[in-house]
*Asks:* 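Questions regarding the structure given below will be posed in turn.
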Amino acid sequence: MISRIGILNPLQRLIMVMCFIWAGSLQAQNITLNLKDADINALISTVAEITGSNFIVDPRVKGKVTVISSRPMNADEVYQVFLSILQVHGFAAVPSGEVIKIVPDVSAKQDRIPTVGDEDPGVGDEMVTRVVQVDNVAAAQLVPILRPLVPQQGHLAAYPATNVLIISDRAENVSRLVSIIRRIDTVSDSEVEIIRLQYASAAEVVRILTAVSRSDPGQPKAPGSAGTTTLIADERTNSVLLGGDRGERLRLRAIISHLDTPLERDGNTKVVYLKYAKAVDLVQVLQGVGQSQGEGAQGKPQAGASSDKQLDIQADEATNALVISAPPAMMMALESVIRQLDIRRSQVLIDAIIAEVGERKARELGLQWVVNGSSSAGSPIGGTSFNNVGTPATNIVSGVLSGNFPGLGNGLSMAGGSITDGGQINWGVIVQALASDSDTNVLSTPSLVTLDNEEAEIIVGQNVPFVTGSFTTSVSGGQSVDPFQTINREDVGITLRVKPQINEGDAIVLEIEQETSAISPSAAASDIITDKRSIKTKVLVEDGQVIVLGGLIEDRVTESEQKVPLLGDLPVLGALFRSTGTNRDKVNLMVFIRPSIIEDKKVADTYTSGKYNLMRAQQFELHEPGVPLLPGEEIPRLPEFDELLELPPPYQATPYEATPSEVLPGDDMSKE
């Protein structure tokens, strides 16, 4: 009798169970399971009726199941299908005496699952534990290989004391793992060979073979091993100890035979031509490396020879080459160092912005008196003198009384008084006023390119002479006098010194010295005044980052007053006996900098074209109307940047006359 069951809802499941009870014993029947979204607990009840087993269901066992079958199955087959259904939904059946517990997979491996062996390995998806003996391979080495094949709820561990593997998982997967272990656990044909060398150095051969051989990251290796092969150099006998599988040993022996050949050149001297580095700079570095290579493990020279006599390095500046004399092993070490040092160095473009806005204002007002009681010309007998408003009034009036007119100071000077030839008292008064305003707006954008770890400097300014002293010499007899002045010249302008160092991650360390100096237009001093702003710092900046180095915000007000005691304090009339002056200096200064790494020609051309097109655009703008007073004169102008790259050196500017309708080509000022 063949029955067909389809569980769609609780009512149908109830009818199904009643039919089974009415039909008699279900163990002897063939059942065809077709379930759609059936409750898993109803399925457990059905399987219990079919197989006659007793189940204990964990409260966490919940869900809907779907099974599609095309042929009838007996009770044993139904139970295996039931185990597969549990495995798909993350549950497991654990036998425990007369009952079977249905629990989640995570808890199954910690429960009383059966331990199986080769005679009875288990069937299908039932949870089992198996202990596998490994004979020829270390069990701990197999764990990382087999771990990806074991599901998360399974268990895989090695016990090094007896060299066994413990596996807990579904019986079918455990059998597959055991089959893989049997194929890996085979007897190795490895042995150790001693290969004596005649020409090559054993240490160098081992180094080369170690670099050539591929290493297995999961294989623990002793020093000198390359992959599954062991390589050890015996420097005393100049021999190589080679151990490993037969096929790998044959491959390495063939390589050793090709390396153990005499040198094609005579002697131990070689000329190395450098591509980027400077030969003179590398001599000292290579001598230090060679001396360290020439000493053995105990700090003594090898083979009883001095390392200084074995090594000689000379630099030929004309060809930028190194002439090296050294033993073969040392020669190879030096060549390796040279290859790593002789590399193309990156360049750094430094763009700086110096913005300064300054305002200087000065106001001076004073009144001075002088009185002479004599009718004849002579020195005054009284008066006031203030030194903050220019020439003292006593000098002016005295000069007028004497018939001379002395030079006046800066600003407005007005004088008045009574100067007669009679017996009256002569007197005079002078009013002096001075106002000075000066504004500065400086925007400088110096830029320069330098190599990594090389200092660069740019100076834009004037060389200004400063008088530092003067003296005169007279010829005997007092007939002639020769005046002399000593002058010291100093740079006044913008100076930028930068030394960049490119670090990991495109970070740049900058050692910066920046100075801005200018001649002050102030009229408050008798000699030249220079303003100076200087920054010396060391910063860390990312590639292309703009950072402010420093700034100055200054607002200074100076007030001075000179007066006659008591008289200068009188209301209203006190202004006739005092002199006042006010100065205000206001400065706003900021310095910004942006480094950019130039690693190849393409990046360099990008920055260069931006600066080049800016200069060309300014050239067109300056001479767009032509040259005044020279109509029709051809003006030399820069070509386009792409044309410049195609011109053979040296480049000569060609005359070019623009038309009014011409559009400036290559204008890329947006990058500035």
Side-chain angles (χ1 to χ4, degrees), residues 194-213 223-224 226 231-242 252 255-347 450-456 499-502:
I194 300 177
I195 304 174
R196 191 182 183 95
L197 305 181
Q198 297 181 2
Y199 306 102
S201 170
E204 283 300 312
V205 170
V206 169
R207 186 187 64 82
I208 295 173
L209 294 179
T210 303
V212 171
S213 301
L231 293 168
I232 300 176
D234 182 17
E235 298 183 6
R236 187 180 64 85
T237 60
N238 198 34
S239 302
V240 176
L241 278 68
L242 178 60
L252 294 178
I255 298 176
I256 293 174
S257 63
H258 286 287
L259 295 177
D260 189 26
T261 55
L263 296 175
E264 296 182 358
R265 60 180 183 270
D266 296 333
N268 296 325
T269 302
K270 186 176 182 179
V271 179
V272 181
Y273 294 94
L274 303 179
K275 299 178 181 178
Y276 305 102
K278 193 174 181 180
V280 178
D281 298 338
L282 289 184
V283 171
Q284 186 175 0
V285 177
L286 296 177
Q287 285 178 346
V289 174
Q291 291 175 1
S292 62
Q293 290 287 332
E295 297 183 359
Q298 302 298 328
K300 299 179 181 180
Q302 296 179 353
S306 173
S307 60
D308 295 336
K309 297 181 180 180
Q310 293 179 342
L311 176 65
D312 181 52
I313 304 175
Q314 301 293 332
D316 182 23
E317 297 186 25
T319 59
N320 195 34
L322 293 170
V323 183
I324 305 175
S325 297
M330 189 183 299
M331 180 73 73
M332 297 189 67
L334 294 177
E335 288 179 348
S336 176
V337 174
I338 293 173
R339 283 193 300 269
Q340 298 180 60
L341 295 179
D342 188 23
I343 59 175
R344 179 187 178 97
R345 297 165 62 185
S346 298
Q347 301 182 97
T450 180
L451 284 173
D452 183 24
N453 280 315
E454 292 291 340
E455 183 178 298
K499 183 177 181 181
Q501 177 183 338
I502 302 176

*Asks:* If you look at every heavy atom in Gln340 and Ile343, which pair is closest and at what distance?
*Replies:* O-CG2, 3.5 Å
*Asks:* Does Ile255 have more than 12 heavy atoms from other residues, nucleotides or ligands lying within 6.0 Å of its CD1?
*Replies:*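 More than 12 heavy atoms, drawn from other residues, nucleotides or ligands, come within 6.0 Å of this atom.
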*Asks:* Just verifying a value: how many Å separate Ile195 CD1 and Leu242 CG, rounded to the nearest 0.5 Å?
*Replies:* 5.0 Å
*Asks:* Would you compute the distance between atom CG of Asp316 and atom OH of Tyr273 and round it to the nearest 0.5 angstrom?
*Replies:*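 Those atoms lie 8.0 Å apart.
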*Asks:* Please list, chain by chain and in numerical order, all residues satisfying side chain to side chain donor-acceptor pair (under 3.5 Å) with Thr450, sequence neighbours excluded.
*Replies:* none
*Asks:* Looking only at heavy atoms, what is the nearest atom pair of Met330 and Gly290, with distance?
*Replies:*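 Heavy atoms only, the tightest pair is CE-O, 3.5 Å.
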*Asks:* Measuring from Leu334:CG to Arg339:CZ, what's the distance to the nearest 0.5 Å?
*Replies:*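 With rounding to 0.5 Å, CG (Leu334) is 11.0 Å from CZ (Arg339).
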*Asks:* For Asn453, give me all partners under side chain to side chain donor-acceptor pair (under 3.5 Å), at least two apart in sequence or on another chain.
*Replies:* none
*Asks:* Quick one, Leu252 with Val240, criterion side-chain contact (heavy atoms from CB on, under 4.5 Å). Give me CA distance, side-chain angles, the key distance, then yes/no.
*Replies:* CA-CA 11 Å; Leu252 294 178; Val240 176; over 6 Å; no
*Asks:* Counting only heavy atoms not in Gln284 (residues, nucleotides, ligands), do more than 12 fall under 6.0 Å from its CD?
*Replies:*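 No, not enclosed.
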*Asks:* Would you please name every residue forming a side-chain contact (heavy atoms from CB on, under 4.5 Å) with Val283, sequence neighbours left out?
*Replies:* Gln287, Ile313, Ala315, Leu322
*Asks:* If I compare all heavy atoms of Glu454 with all of Pro500, which pair ends up nearest, and what's the gap?
*Replies:* O-CD, 3.4 Å
*Asks:* I'd like a table of donor-acceptor pairs (distance under 3.5 Å, sequence neighbours excluded) in which one partner is a side-chain atom from residues 274-281, with atom names and distances.
*Replies:*
none

*Asks:* Look up atom CD1 in Ile338 and atom CG in Leu286, then write down how far apart they are to the nearest 0.5 Å.
*Replies:*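 Spacing of CD1 (Ile338) from CG (Leu286) equals 5.0 Å.
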*Asks:* When you measure from the side chain of Asp452 to the backbone of Ile502, do you find a donor-acceptor pair of N or O atoms at a distance under 3.5 Å?
*Replies:*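 Yes, Asp452 side chain to Ile502 backbone: donor-acceptor pair under 3.5 Å.
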*Asks:* If you measure from CG on Asp234 to CD1 on Ile194, what distance do you get to the nearest 0.5 Å?
*Replies:* 8.0 Å
*Asks:* Run the side-chain contact (heavy atoms from CB on, under 4.5 Å) test on Val271 and Thr319 for me, step by step, so that the C-alpha distance in whole Å, both residues' side-chain angles and the decisive distance to 0.1 Å come before the verdict.
*Replies:* CA-CA 11 Å; Val271 179; Thr319 59; over 6 Å; no
*Asks:* Can you name the residues that form a side-chain contact (heavy atoms from CB on, under 4.5 Å) with Asn238, not counting sequence neighbours?
*Replies:*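 Per chain and number, Asn238 pairs via side-chain contact (heavy atoms from CB on, under 4.5 Å) with Leu197, Ala202.
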*Asks:* Is a side-chain donor or acceptor of Asp260 paired with a backbone partner of Gln198 at a separation under 3.5 angstrom?
*Replies:* yes
*Asks:* Once you round to the nearest 0.5 Å, how far does OG1 of Thr269 lie from CE of Met331?
*Replies:* 6.5 Å
*Asks:* What pairs with Glu204 under side chain to side chain donor-acceptor pair (under 3.5 Å), at least two apart in sequence or on another chain?
*Replies:* Arg207
